[in-house]
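All values derive from a computational prediction rather than experimental measurement. Hydrogens, waters and symmetry mates play no part in the numbers below; they use all other heavy atoms, side chains included. All residue numbers in this chain count up from 1 along the given sequence.
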Amino acid sequence: QSSLVYTHYDRMIVGGLIPTTSPIQLEPLAYQKADFFNQRRETGIINVGEAGRVIVDGESYTLHFKDALYIGRGAKEIVFESETADEPAHFYLNSSLAHQSLPHKLVKSADCIRVPLGDLHHGNTRSLNQYIVPDLVETCQLMMGITEVKAGNVWNTMPCHVHRLRMEVYFYFDFSEEESVCHIMGEPQE
């Protein structure tokens, strides 16, 4: 199964793909007016499930839990598959417009940049795990990472702040059915 959303905020495409019994090929959305998905885009993928593969123009990349893959503009065929149908990969995807073609790059979880943030006093101890960032991967504009809030903490963005250079997409995973997420929106000075 797959679900992709095109947003007019920076014309991002956000979504997820869970291949089970057969591979899923990434097809262009109608809004793109493109011959193939990455014709004018770059794409970042993080696997938040079991092991799987992303095949880019015939080259296979294996992604385990919390591994990431950057795919540069111009990749014509992008196919997703799981190693096993019973325990599928869950590929989270972000895609943005790109002005040039850059090399694809696999970033293993062990190789991401881990930045400790927050403190117990504010209940926001966390690790910002940077995957698709300038220090590791050359991109046009796309950046991706995973913020892991440490046990017993409740905030992932304290103090409140705004990123004026780009939009952000949040995707939450690894929650039990009893847990929930609450976003309080507004201006930081309110």
Side-chain angles (χ1 to χ4, degrees), residues 1-19 24-34 36-49 52-57 61-82 88-109 111-115 126-148 156-157 162-175 181 183:
Q1 71 193 66
S2 66
S3 177
L4 299 175
V5 175
Y6 181 96
T7 173
H8 289 283
Y9 292 103
D10 289 341
R11 295 193 277 174
M12 289 280 295
I13 296 175
V14 179
L17 300 99
I18 304 172
I24 299 173
Q25 182 162 338
L26 191 58
E27 299 289 347
L29 303 179
Y31 298 110
Q32 289 183 252
K33 299 189 183 332
F36 51 94
F37 190 87
N38 263 38
Q39 187 171 358
R40 292 180 291 276
R41 306 187 74 80
E42 59 187 351
T43 300
I45 300 154
I46 296 178
N47 182 10
V48 297
R53 283 175 294 285
V54 180
I55 299 107
V56 183
D57 292 335
Y61 300 88
T62 299
L63 279 75
H64 295 277
F65 184 61
K66 295 184 183 176
D67 288 346
L69 177 64
Y70 170 79
I71 303 172
R73 185 186 81 172
K76 290 186 176 174
E77 186 177 67
I78 303 169
V79 177
F80 298 81
E81 58 185 31
S82 295
H90 291 212
F91 296 108
Y92 171 66
L93 175 150
N94 284 330
S95 181
S96 61
L97 294 173
H99 63 279
Q100 65 178 332
S101 299
L102 296 167
H104 315 317
K105 184 168 182 185
L106 177 66
V107 181
K108 294 293 200 177
S109 176
D111 299 326
C112 75
I113 299 169
R114 297 187 195 305
V115 180
R126 63 200 187 276
S127 175
L128 176 59
N129 302 328
Q130 301 173 337
Y131 285 82
I132 299 175
V133 295
D135 287 342
L136 293 176
V137 181
E138 185 179 9
T139 72
C140 294
Q141 65 175 334
L142 185 67
M143 295 189 344
M144 288 179 73
I146 297 174
T147 300
E148 291 183 293
N156 71 345
T157 54
V162 173
H163 295 269
R164 299 212 182 272
L165 295 178
R166 69 185 73 224
M167 58 95 65
E168 287 186 309
V169 177
Y170 291 90
F171 165 65
Y172 295 92
F173 64 98
D174 268 356
F175 280 90
V181 173
H183 268 246

Option passing side chain to side chain donor-acceptor pair (under 3.5 Å) with E148 (candidates R114, R126, K66): K66

Under 3.5 Å, is there a donor-acceptor pair between the side chain of H104 and the main chain of G72? yes

Rounded distance [0.5 Å steps], CD1 in I71 versus CG in L102: 13.0 Å

Describe, in one word, how the ring planes of Y6 and Y31 are oriented to each other, choosing from parallel (under 30°), tilted (30 to 60°) and perpendicular (over 60°). parallel

Please report the closest heavy-atom contact between R40 and K33, naming both atoms and the distance. NH2-O, 2.8 Å

To the nearest 0.5 Å, atom CG of L93 lies from atom CG of L17 at 6.0 Å

Working to the nearest 0.5 angstrom, can you tell me the gap between L69 CG and I45 CD1? 5.0 Å

Please report the shortest heavy-atom distance between R41 and R11, naming the atom on each side. NH2-O, 2.6 Å

Give the intermediate values and the outcome of side chain to side chain contact (heavy atoms under 4.5 Å, CB included) for residues M143 and I132. CA-CA 5 Å; M143 295 189 344; I132 299 175; 5.5 Å; no

Mind checking the CG-OG1 spacing from N38 to T43? Nearest 0.5 Å is all I need. 3.5 Å

Non-hydrogen atoms of S82 and A89 that approach each other most closely: OG-N, 2.8 Å

Looking only at heavy atoms, what is the nearest atom pair of C112 and N129, with distance? SG-CB, 3.7 Å

Test side chain to side chain contact (heavy atoms under 4.5 Å, CB included) applied to F65 and D174, step by step: CA-CA 11 Å; F65 184 61; D174 268 356; 3.4 Å; yes

Could you state the interatomic distance from CZ (F37) to CD (E27), rounded to the nearest 0.5 Å? 10.5 Å

Can a donor-acceptor pair be found, under 3.5 Å and without considering hydrogens, that links the side chain of N94 to the backbone of V14? no

Nearest 0.5 Å, what's the CD-CG distance between Q141 and L97? 6.5 Å

So L136 and Y131, do their side chains get closer than 4.5 Å, heavy atoms only? no

Would the distance check show the side chain of S3 and the main-chain N or O of G15 forming a donor-acceptor pair, the cut-off being under 3.5 Å? no

Minimum side-chain heavy-atom gap V107-Y70 below 4.5 Å: no

Smallest heavy-atom separation, A34 atom then P28 atom, equals O-CG, 3.6 Å

On a heavy-atom basis, the closest approach of V56 and A75 is CG1-CB, 3.6 Å

Could you tell me whether the side chain of S95 and the main chain of E42 form a donor-acceptor pair under 3.5 Å? yes

Around K108, counting heavy atoms of other residues, nucleotides and ligands shown, do more than 12 lie under 6.0 Å from its NZ? yes

Do N47 and V54 have side chains that get closer than 4.5 Å, going by heavy atoms? no

